[in-house]
Every structure is written in structure tokens, then in C-alpha cells.
Undergrad: 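Can you keep this structure in mind? I'll have questions shortly.
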Amino acid sequence: MADCNDWFRTGLEHIWLPYAQMKTQPDPAPIVSTSGARLEMADGSTLIDGVGSWWTSVHGYNHPTLLKAAHEQLETMPHVMLGGLAHEQAYRLAARLAEIAPGDLDKTFFTESGSVAVEVAMKVAVQYAMNLAGERRTRFVSFKGGYHGDTFATMSVCDPEEGMHSLFSGVVPEQYVVDLPDTDDRTAAIEKLLSSHNDIAAVLVEPLIQGAGGMRMHSPETLKALREACDRHGVLLIFDEIFTGFGRTGAMFAADRAGVIPDIMCLGKALTGGITPLAATIASRKVYKAFHTDSADHALMHGPTFTGHAIGCAVANAGLDLFETKPRLEQVNTIEAQLTERLMPLSKLPQVADVRVCGAVAAVEFADEFDVSAARSWFIERGTFIRPLGRVVYLTPAYVIEQKDLETLTGAISEFAHTMR
């Protein structure tokens, strides 16, 4: 710790950290360098990263292809605004996303964060109804256990009870937050909701995995039921793929694995491999057509200062190169097999309520609550960085993680589970 005393101790008095009660939480682990799936601490010790910096570092830290793209763009043109100007990286990236996105999703709006990408999707859905038919559809259907961001509009579509935004009740708009249609009764309830309310602009869902809600997983049939219901009632379907996009579920997008095409898809996190902030909202041709008219009133009036950030887009293009030239999806399938083999046996323990695996995601849910802060410190002491969510201990490693490092991560979770008896 001596090497970082100056910046760490001084800065700790002034920084306000995310999702933290600053008075009571343990000190964070000071990191001085990264490489692959490893974090080097200030004291010289190394942590194996089990969460990939909030699920972003899919190619591993400091990947030379991504760093080269960032350096080259930084030296030539870090950024220019997209209002009245154009640059190659954003335009190339939009075209490439259109090529790989499912169905007719082919018009991309760039933002700096996943929360804002979802806000843009919601804004598009509301204005779509206005532009198309002059209808004011201002509410959304979302799902219990869901998480879509920390800005005010996105807080409104998060789980109101289990999410972190319940204290803002009365400030954020009220939405229809219901159960996922994973049973016949719940599917019927969605049908009734959509048929009895004409104020719904869109249904918003995290496809296959609800990430921050505890890595809750559902089947493609659930998404197919939503797609069919939305089609019957003229409501848009939005997939929040900020977590699941770019291979996390074993396919390029969860939409691909499920075989369901949304009207709007939100991307972020792994888009730049954890190098720079960048997110995207991709609309279908059907949706975009309602905005592409001779009326100025039909334009989407939204414009973040750093929309289409040139360095971020350059890195994202380099990341797509890696998906094209490296066996990333095969690596995810290998990780899935190892996670299944090593963690599924824990489901037999009485203290474990459930074990879930999908692609490069694993979640071990415990029957009882435990001290999350203490658990995080416990994992660090064993050379791993694992950050539990509530009663869930999960892994979302880099796709390039070495088998022995993944073995260390799953071994730490297994040891932790056995200490819970």
C-alpha cells in the first residue's frame, strides 16, 4: 500500500464511489495495472478478475488491438461533434452494427452510457407513436427483477422493490412493472395488460439474463411470447442488450440465441471491450421510417456532446475485428462448459438455492442473506475479485481468461459456498 498512499488516502477523502455507503464500506482495492484477466494491486499482489469491470472487458485488459486503435485515433483526431460534421469511425461502426444486428435493426444512435442508450430507446418509442399516428403513448411495460440504468427514466423501469431505486418512488414516472411471462398465467396477464391500456409505448426487457437483478435467467420462449404479444397489440419491443450483447450468452446477441428480433436494441459495455465509454441504440427500419419524413417535428431531438465519440468508435471497430478474427464465441462456449462442470454440483448443497449458467455467466444463489462487503473482502484475500449481488455470487469473466484462472475463480466460489453451512 505504500506505493499508493499519496493518491489513494488523499483521494479517498474526496471521491464519492458508486453503490457505496462511504462511511461503512471497506476500502476498495487499489489497482495500478491490468493485463488479460488480472488486476495488479498497489502492494504487488494480483487478483483474478471474475466480473470484467462490470462486464465490459470481454477481450481482456490491455488488448493490443484495442490499444492500438485508441492510440492511432488519439493521434489523428480524438473527436469531432456529429452535429454538422462527420468522422469515419462513427460512420463505419454504424454500418458494421447494421450488418451484424438481427433482423432489420440498422439505424444506430450513439451515446456515452448504457443508461442513456435506454433513455434514447424510450424516447424513440414515445415519439414513434406520435409521429406515426398522433398517439400519446407515454408508459412502458418492464419486469420484476429488471435493471436498466440509474438515470431517472431508466429508474422508472427497474424493479421497484428489489432494485436500488425504491426511495425515488413518486419522483420517477410510474410504469407497468410485472412478472416475466414465463408461465401460461403470466403470459395471459401480459396479453390483458397490453389489450386494456392504450398508453403503452413499448415493452422493455433484458433478454435471457436479468443482470444486475441477480443474473436471473429465462428462456427464449418467454421472449417469443413477448414478441407475439407486442405484435398483436401494436406495441414496440425493446431489448436491453447492454449486458448480454457481444457474445455474453454464447451468441453475438441474446436476440440471436433466442431467435427473437426486437424493434429497438440497446448496446454498451462490451462494445468497446472496456476501453472507453460508448453505447448505442439501434432501431429497425420500421421504427426509423416514422422519423424519416419531410417534417422537422418528426426528427429525434437528442444529441449528447460526445455522441459517436471518435476514440470510442475506433476501439469498437477494433473490437468487432476481434470478433471476426478470433474465436470469441467458441471461447464463451468453453467457459460455459467449465462453469457448468465446476459450479452445478453446488446446487446439491442445502445452503445453495440455485445455480444458473448461460454462456460466460454463472450465478450461485444462496438460500440466506450474507454480508456482501465481508464476502468481497474474503474473495480478495484469496486472490480473486468477485462482487456478489445480494444473495448471488456470480462470474462474468473475460472471454480470453485462461482455464487455470477460471478454475481459481470457481474454486473460490465453491470454498465460499462450503463456508456458508
Side-chain angles (χ1 to χ4, degrees), residues 31-36 52-101 105-121 123-124 149 151 241-242 245-247 252-253 264-283 288 291-292 296 299-326 328 398-400:
I31 304 301
V32 296
S33 67
T34 56
S35 179
S53 276
W54 269 328
W55 325 327
T56 62
S57 183
V58 295
H59 306 291
Y61 292 110
N62 298 26
H63 195 287
T65 298
L66 304 186
L67 295 182
K68 181 174 182 289
H71 290 159
E72 290 178 351
Q73 190 63 40
L74 180 63
E75 290 174 351
T76 56
M77 185 183 69
H79 183 61
V80 293
M81 62 186 284
L82 292 191
L85 301 174
H87 65 77
E88 179 183 359
Q89 295 296 342
Y91 279 56
R92 284 186 59 231
L93 181 57
R96 295 180 73 180
L97 290 175
E99 289 179 1
I100 64 173
L105 295 168
D106 74 349
K107 189 64 69 169
T108 294
F109 191 97
F110 291 114
T111 52
E112 309 99 322
S113 74
S115 295
V116 180
V118 175
E119 292 247 1
V120 170
K123 194 171 183 178
V124 166
T151 52
E241 292 232 25
I242 290 159
F246 300 103
M252 194 62 173
F253 303 107
I264 304 173
M265 183 167 68
C266 301
L267 302 173
K269 292 193 180 292
L271 176 59
T272 62
I275 300 290
T276 66
L278 188 70
T281 304
I282 311 180
Y288 181 72
F291 293 79
H292 194 70
L300 176 63
M301 300 302 290
H302 198 92
T305 301
F306 287 98
T307 183
H309 185 239
I311 296 176
C313 290
V315 173
N317 277 313
L320 292 183
D321 291 342
L322 291 176
F323 275 105
E324 291 176 357
T325 59
K326 303 296 183 181
R328 289 293 182 258
Y399 305 161
V400 298

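Model, not experiment: these values are computed from the prediction.
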Undergrad: What I'd like to find out is whether the side chain of Thr276 reaches to under 4.5 Å of the side chain of Phe306, using heavy atoms alone.
TA: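 Contact flag for Thr276/Phe306 side chains = no.
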Undergrad: Enumerate, atom names and distances included, each donor-acceptor pair closer than 3.5 Å involving a side-chain atom of residues 60-68, sequence neighbours excluded.
TA:
from	atom 1	to	atom 2	distance (Å)
Tyr61	OH	Asp49	OD2	2.4
Tyr61	OH	Ser53	N	3.4
Tyr61	OH	Ser53	OG	2.7
Asn62	OD1	Thr34	OG1	2.7
Asn62	ND2	Thr34	O	2.9
His63	ND1	Thr65	N	3.1
Lys68	NZ	Glu72	OE2	2.6

Undergrad: Would you indicate whether the side-chain heavy atoms of Phe109 and Cys266 approach each other to under 4.5 Å?
TA: no
Undergrad: Given the rule in the side chain to side chain contact (heavy atoms under 4.5 Å, CB included) test, do Val118 and Ile242 qualify, once you have shown the distances and angles that lead to the verdict?
TA: CA-CA 9 Å; Val118 175; Ile242 290 159; 3.6 Å; yes
Undergrad: Is there a side-chain contact between Phe246 and Leu320, using heavy atoms and a 4.5 Å cut-off?
TA: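 They are in contact (side-chain heavy atoms under 4.5 Å apart), so the answer is yes.
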Undergrad: List the atom of Val58, the atom of Trp55, and the distance in Å for their closest heavy-atom pair.
TA: CG1-O, 4.3 Å
Undergrad: With a 4.5 Å limit on heavy-atom distance, are the side chains of Phe253 and Leu267 in contact?
TA: yes
Undergrad: Do Leu97 and Ile100 touch side chain to side chain, with heavy atoms closer than 4.5 Å?
TA: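 A side-chain contact under 4.5 Å exists here.
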Undergrad: Can you see which heavy atom on Glu112 is nearest to which on Thr305, and at what distance?
TA: OE2-N, 4.1 Å
Undergrad: Please give me the minimum heavy-atom distance between Ile31 and Ser33, naming the atom from each residue.
TA: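 For Ile31 and Ser33, the tightest heavy-atom pair comes out as CG2-O, 3.5 Å.
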Undergrad: Can the ring centroids of His59 and Tyr399 be said to lie less than 6.0 angstrom from one another?
TA: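 No: the rings miss the under 6.0 Å criterion.
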Undergrad: Exactly one of Thr281, Ile264, Thr307 should register a side chain to side chain contact (heavy atoms under 4.5 Å, CB included) with Val120. Which one does?
TA: Thr281
Undergrad: Just verifying a value: how many Å separate Glu88 CD and Leu93 CG, rounded to the nearest 0.5 Å?
TA: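 Taking CD in Glu88 and CG in Leu93, the distance rounds to 11.5 Å.
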Undergrad: Compare every heavy atom of Ala280 with every heavy atom of Ala117, then report the nearest pair and how far apart it is.
TA: CB-O, 3.9 Å
Undergrad: Could you tell me if the side chain of Pro277 sits less than 4.5 Å from the side chain of Thr272, heavy atoms only?
TA: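 No - every pair of side-chain heavy atoms lies 4.5 Å or more apart.
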Undergrad: For Met81, look at atom CE and say whether over 12 heavy atoms of other residues, nucleotides or ligands are found less than 6.0 Å away.
TA: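 Result for CE/Met81: open.
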Undergrad: Starting from the C-alpha separation in whole Å, work towards a yes-or-no answer on side chain to side chain contact (heavy atoms under 4.5 Å, CB included) for His87 and Leu82.
TA: CA-CA 8 Å; His87 65 77; Leu82 292 191; 3.6 Å; yes
Undergrad: Minimum heavy-atom separation for Ala69 to Ala318, with atom names?
TA: CB-CB, 3.6 Å
Undergrad: Just how far is it from atom OG of Ser113 to atom CG of Leu278, taken to the nearest 0.5 Å?
TA: 10.0 Å
Undergrad: Have a look at Asp321 and tell me which of Arg328, Lys326, Arg96 forms a salt bridge (Lys or Arg N to Asp or Glu O under 4.0 Å) with it.
TA: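 The salt bridge (Lys or Arg N to Asp or Glu O under 4.0 Å) with Asp321 is passed solely by Arg96 among Arg328, Lys326, Arg96.
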Undergrad: Just verifying a value: how many Å separate Glu99 CD and Leu105 CG, rounded to the nearest 0.5 Å?
TA: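 Separation between the atoms: 14.0 Å.
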Undergrad: For residues Val315 and Gln89, determine if any side-chain heavy atom of one lies less than 4.5 Å from a side-chain heavy atom of the other.
TA: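 Val315 vs Gln89: side chains apart.
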Undergrad: Just say parallel, tilted or perpendicular for the rings of His309 and His79, cut-offs at 30° and 60°.
TA: tilted
Undergrad: Within this structure, what is the OG1-CG distance for the pair Thr56 and Leu271, rounded to the nearest 0.5 Å?
TA: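 The distance works out to 11.0 Å.
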Undergrad: If you look at every heavy atom in Gly245 and Ala270, which pair is closest and at what distance?
TA: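 Closest approach of Gly245 to Ala270: O-CB, 4.3 Å.
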Undergrad: Please step through side chain to side chain contact (heavy atoms under 4.5 Å, CB included) for the pair Tyr288 and Asp106, ending with a clear verdict.
TA: CA-CA 9 Å; Tyr288 181 72; Asp106 74 349; 5.8 Å; no
Undergrad: Within this structure, what is the CG-CG distance for the pair Leu322 and Asn317, rounded to the nearest 0.5 Å?
TA: 11.5 Å
